[in-house]
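One structure is given below, encoded as structure tokens.
Being a predicted model, the structure only gives us computed values, none of them experimental. The first residue in the sequence is number 1, and the count goes up from there.
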Amino acid sequence: MESALVVPQPRLIEYPNDLSGCDFVDIGGKHLLYLCSHSDGGRAFIVVLGFYCGQKEDIVVKDLIEPVEEASRHSVIEVLSRSLTPEYSDAHVFFL
């Protein structure tokens, strides 16, 4: 009976490095962090880190990222394809 009252907390990923090199797009009031490949003539790709959730200070400062849920991935791909340059319209998208 107690398990019905427990609200699952979102899984967070800790990144100990500075994420300032990432690009972001606003989705639903949250920053979605992603990185685009540099074109070398091959097929472009995008790596989606997830939604930025703030920082945590332990021994080092860690950026907290909430991964994109499986059910939301298709809509995230659509948002990215509309917001990026045409070079990335057919890019393969990887989610962490």
* To do: List the steps and the verdict of side chain to side chain contact (heavy atoms under 4.5 Å, CB included) for Ile65 and Tyr52.
  => CA-CA 5 Å; Ile65 306 297; Tyr52 181 73; 4.0 Å; yes
Results of side chain to side chain contact (heavy atoms under 4.5 Å, CB included) for [X] - residues two or more places apart only:
X     : result
Ser81 : none
Val25 : Ile27, Leu32, Tyr34, Val79, Leu80, Ser83
Leu35 : Cys22

* To do: Verify side chain to side chain contact (heavy atoms under 4.5 Å, CB included) between Leu84 and Ile46, making sure each step is shown before the conclusion.
  => CA-CA 10 Å; Leu84 296 174; Ile46 302 166; 3.4 Å; yes
* With Glu78 via salt bridge (charged side-chain N to carboxylate O under 4.0 Å, His left out) - residues at least two apart -> none
* Asked: For Gln55, which residues count as a side-chain hydrogen bond (donor to acceptor under 3.5 Å, both in side chains) partner, sequence neighbours excluded?
  ->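 Partners of Gln55 by the side-chain hydrogen bond (donor to acceptor under 3.5 Å, both in side chains) criterion, ordered by chain and then number, come out as Asp63.
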* Structure fact -> dist Glu70:CD -> Ser72:OG (nearest 0.5 Å) comes out at 9.5 Å
* Asked: CG of Leu96 to CD1 of Ile13: how many Å apart, nearest 0.5 Å?
  -> 6.0 Å
* To do: Output every pair passing salt bridge (Lys or Arg N to Asp or Glu O under 4.0 Å) with a member in residues 22-37, not counting sequence neighbours, ordered by first then second residue.
  => Lys30-Glu66
* Asked: Can you tell if the side chain of Arg43 reaches within under 4.5 Å of the side chain of Phe45, non-hydrogen atoms only?
  -> no
